[in-house]
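Atoms within a ligand are numbered from 1 in the order they appear, just like the ligands themselves. For reference, positions follow the sequence shown, starting with 1. When reading the values below, keep in mind they use all heavy atoms of this one structure, side chains included, and skip hydrogens, waters and symmetry mates.
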Amino acid sequence: MIEDAEERGAISPGQTILEPTSGNTGISLAMICSRKGYPLKVVMPDNVTEERTRLLRMYGAEIVYSPGDQGSNGAVAMALDLAERDASYYMPYQYGNPANPNAHYHGTAVEILDELDEVTAFVAGLGTGGTLMGNGRRFKEEDPDTKIVAAEPLQGELVQGLRSLDDGFIPPIIDLSLLDRKIFVSNRDSVVWTKRLVEEEGLFVGVSSGAIASIAVRVASELDEGNVVFVVCDDGWKYLSSGVYSKPIEELERDGTLESASFW
Ligand SMILES: Cc1ncc(COP(=O)(O)O)c(C=O)c1O
């Protein structure tokens, strides 16, 4: 998104960048902006894990917190409001910027197709929709039968990085006709599968990857053969403080962490 804005002449070093984020895009932007000389302000829910705040500060970003109970929608609303009141900000706006899905169209999907002859189903989480749209478009061009499946949190449950389309905000980059299925996943299943991935496969991943894995396994169980690809968006380091990897699921349920949005 930054390179695209530079190529279009929309920004040059010194320009302040403003972006709403559940944390991860903000951290990437903070790294890139610090190297290229752009001051960065991110708007992020106040209940994300401490690791995100620390990484953003390490890269020199300024953080504005939005109400945690409003999830990433609250961050989007606050950032749009700030941008409207101060025209000096440049907002990449990952939710509406074609450079977001295009990075997957020209990057992630090409890497996957280099490795596999056939993609029967592609499963990813739905945050901005960039991963699903960019990969989905490329895979459908390659083989219109490839099924594109979105893992969506249950309405009212918050898995950081993911959104429910039923909560009222459909990011402008999303073309719903590209999605063959949306499958709901609960917080509990997301955590159960996050733990299974580390315990059974040695994969130390974030909670949205657990959510996506649970759906990928369900899709695979409906097939006789084929390749089901799912995306691990984040490793587990930023979620370590949540206790998800060390406590049994019953304990996480009992002590209330499973329902608490701040958990994510
Ligand atoms: C941890 C995590 N999982 C999933 C997603 C969703 O990806 P996308 O925004 O491409 O839909 C994000 C988005 O930033 C994320 O940070």
Legend entry - Greater than 12 external heavy atoms within 6.0 Å of Glu3's CD: no
Legend entry - Atom CD of Glu225: over 12 foreign heavy atoms under 6.0 Å: no
Legend entry - Residue portion contacting ligand 1 (non-hydrogen atoms closer than 4.0 Å) for Tyr239: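 For Tyr239, only side-chain atoms sit under 4.0 Å from ligand 1.
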Inset, instruction - Record the part of Leu126 in heavy-atom contact with ligand 1 below 4.0 Å; permitted values are side chain, backbone, both and neither. - result: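 It is the backbone that touches ligand 1; the side chain stays farther off.
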Using a 3.5 Å cut-off on N or O atoms only, is [X] in polar contact with ligand 1?
{"X": "Thr128", "value": "yes"}
{"X": "Asn24", "value": "yes"}
{"X": "Thr131", "value": "yes"}
{"X": "Gly127", "value": "yes"}
{"X": "Gln94", "value": "no"}

Legend entry - Any Gly129 heavy atom less than 4.0 Å from ligand 1: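 Flag set, Gly129 near ligand 1.
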Acceptor/donor pairs from residues 131-140 side chains to any protein atom, 3.5 angstrom cut, sequence neighbours excluded:
from, atom 1, to, atom 2, distance (Å)
Asn135, OD1, Ala109, N, 3.1
Asn135, ND2, Thr131, O, 2.8
Arg137, NH2, Asn102, OD1, 3.2
Arg138, NE, Tyr105, O, 3.1
Arg138, NH2, Tyr105, O, 3.2
Lys140, NZ, Thr146, O, 3.0
Lys140, NZ, Asp180, OD1, 3.3
Lys140, NZ, Asp180, OD2, 2.6

Legend entry - Side-chain heavy atoms of Pro67 within contact of Met78, under 4.5 Å: yes
Legend entry - Within-4.5 Å side-chain heavy-atom neighbours: Val119 and Asp143: no
Inset, instruction - Only heavy atoms count here, so choose which of Cys233, Ala150, Ala151 is nearest to atom 4 (C) of ligand 1. - result: Cys233
Inset, instruction - Have a look at Asn100 and tell me which of Asp4, Thr25, Thr128 forms a side chain to side chain donor-acceptor pair (under 3.5 Å) with it. - result: Thr128
